[in-house]
Amino acid sequence: SRRQFDRREAIAPLGAESTAILVARFFRGNAPLFRVAAGARAASATGPLRCGAAATWPLYVALGCGAGLAGAVYNRALTGALALAERIDRWPVRPQAAAVGVLVGVIGWFAPRVIGGGETLTQDILAGAVVAGAIPLVFVLRFLFGAACYGVRAPGGLFAPLLLLGAQVGLLCGAVCRWAFPGLGIHPQAFAVIGMAAFFTGVVRAPVTGIVLVIEMTAGFTTLLPMLAASFAAMAAADPTQIPPLHHSFLQLRLEPSRAAETRAASAAG
């Protein structure tokens, strides 16, 4: 069927979103949710983000390709964990969730900032308080635990973990690019901001939503054009994998049991 645009369906969410922003600004002020390191901004802690010279644009495209592929793999990991949990009948759901909870609790005892929704660690990354050398290990932990939590039906959120993983990919890419091209004046925190939008695009396949979301959270208006390039690259890299967007994958997993039941009923009736 062909989708049609309904003005009433568009006005309602726009009104709800604008009202939510006004209420949030009333209680929280006009400051963005995430504060980026002052060194990554042009003049001060509130100045525009430094995105580097035009020579850095191929690096943003490369970041988008890597983030798009990582996002597609993350989709497959989440859906694979859910499908695996459907096949495991020996353990009830509660013991599975308890096992994952114990493991997360042990890690949280030694590294409390690694667990949780991810907002605190994302802020540390954007503020320059995280060493790039620690990113690969933390990324792997968050990646695996995200899939494990969804597998036991105990998800710890979706958008905040996505933004954290994207910030980690961007920061690591920015650190490598700064080391490889010291003359370009690269700031890894700017790469982290762009990586958030690119990874979101690779997972959800909604680049405009990801770009608007990240710009609103970081006040990184000067990153719009690099985000467009990186998000385009993320879409171009993720689509050929034939891994559907995350929400489509979740919908298919929900529909498969009902389709199987309908098939069995039709076979019995025949």
Side-chain angles (χ1 to χ4, degrees), residues 34 57-84 114 117-119 121-122 125-126 132 135-151 155-177 188-218 220 223-224 226-253:
F34 296 120
W57 278 67
L59 303 179
Y60 292 130
V61 173
L63 167 60
C65 291
L69 291 175
V73 174
Y74 188 67
N75 284 4
R76 180 57 56 85
L78 292 182
T79 55
L82 289 172
L84 179 61
V114 175
E119 296 89 346
L121 188 54
T122 302
I125 291 173
L126 297 180
I135 291 297
L137 176 59
V138 178
F139 179 84
V140 171
L141 288 175
R142 295 287 313 196
F143 191 100
L144 295 178
F145 275 122
C149 290
Y150 266 90
L158 179 62
F159 293 113
L162 291 185
L163 296 178
L164 171 58
L165 292 174
Q168 290 175 314
V169 171
L171 182 72
L172 185 61
C173 180
V176 172
C177 292
Q189 283 73 32
F191 271 71
V193 172
I194 295 170
M196 293 164 68
F199 190 84
F200 183 95
T201 299
V203 174
V204 184
R205 313 291 166 79
V208 175
T209 302
I211 290 173
V212 173
L213 182 69
V214 174
I215 288 179
E216 191 273 333
M217 286 183 168
T218 62
T223 62
L224 174 59
M227 279 186 189
L228 286 173
S231 297
F232 167 78
M235 289 283 290
D239 283 344
T241 64
Q242 301 299 317
I243 300 176
L246 187 60
H247 293 91
H248 291 186
S249 300
F250 285 169
L251 181 60
Q252 291 176 1
L253 288 174

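Please read these numbers as outputs of a predicted model, since none were measured by experiment.
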I would like to know whether T209 and V204 meet side-chain contact (heavy atoms from CB on, under 4.5 Å); could you show each step before the answer?
-> CA-CA 9 Å; T209 302; V204 184; over 6 Å; no
When rounded to the nearest 0.5 angstrom, what is the spacing between CG in L126 and CZ in F34?
-> 6.5 Å
Give, for atom CD1 of I135 and atom CG of L172, the distance between the pair rounded to the nearest 0.5 Å.
-> 7.0 Å
Residue pairs fulfilling salt bridge (charged side-chain N to carboxylate O under 4.0 Å, His left out) with at least one residue in residues 157-166, sequence neighbours excluded | none
Quick one: salt bridge (Lys or Arg N to Asp or Glu O under 4.0 Å) partners of E119, sequence neighbours excluded?
-> none
Look up atom CZ in F159 and atom CG in L164, then write down how far apart they are to the nearest 0.5 Å.
-> 15.0 Å
Residues in ring pair (Phe, Tyr, Trp, His ring centres under 6.0 Å) contact with F232, at least two apart in sequence or another chain | none
Looking only at heavy atoms, the pair that brings C65 and A237 closest together is O-CB, 3.6 Å
If you round to the nearest 0.5 Å, how far is CZ of F191 from CD1 of I125?
-> 15.5 Å
Sequence neighbours left out, cut at 3.5 Å: what donor-acceptor pairs do the side chains of residues 67-77 make with other protein atoms?
| from | atom 1 | to | atom 2 | distance (Å) |
| --- | --- | --- | --- | --- |
| N75 | ND2 | V203 | O | 2.9 |
| N75 | ND2 | P244 | O | 3.2 |

Looking only at heavy atoms, what is the nearest atom pair of T122 and M196, with distance?
-> CG2-CE, 4.2 Å
Considering all heavy atoms, the nearest L63-G170 contact | CD1-CA, 3.8 Å
Can you name the side-chain contact (heavy atoms from CB on, under 4.5 Å) partners of I215, sequence neighbours left out?
-> I211, F221, T223, L224, M227
Determine the minimum heavy-atom distance between A234 and G202, stating which atoms define it.
-> CB-N, 4.3 Å
Taking every heavy atom of V214 against every heavy atom of A197, the minimum-distance pair comes out as CG2-N, 3.7 Å
Calculate, to the nearest 0.5 Å, the distance between atoms CG and CG belonging to L78 and L158 respectively.
-> 7.5 Å
Under 30°, 30 to 60°, or over 60°: which ring-plane class applies to F139 and F143, parallel, tilted or perpendicular?
-> tilted
Can you run down the salt bridge (charged side-chain N to carboxylate O under 4.0 Å, His left out) pairs that involve residues 198-211, sequence neighbours left out, and say none if there aren't any?
-> R205-D239
Please report the C-alpha distance between Q168 and L165 in whole Å, then the side-chain angles of each, then the deciding distance to 0.1 Å, and finally whether the side-chain contact (heavy atoms from CB on, under 4.5 Å) criterion is met.
-> CA-CA 5 Å; Q168 290 175 314; L165 292 174; 3.5 Å; yes
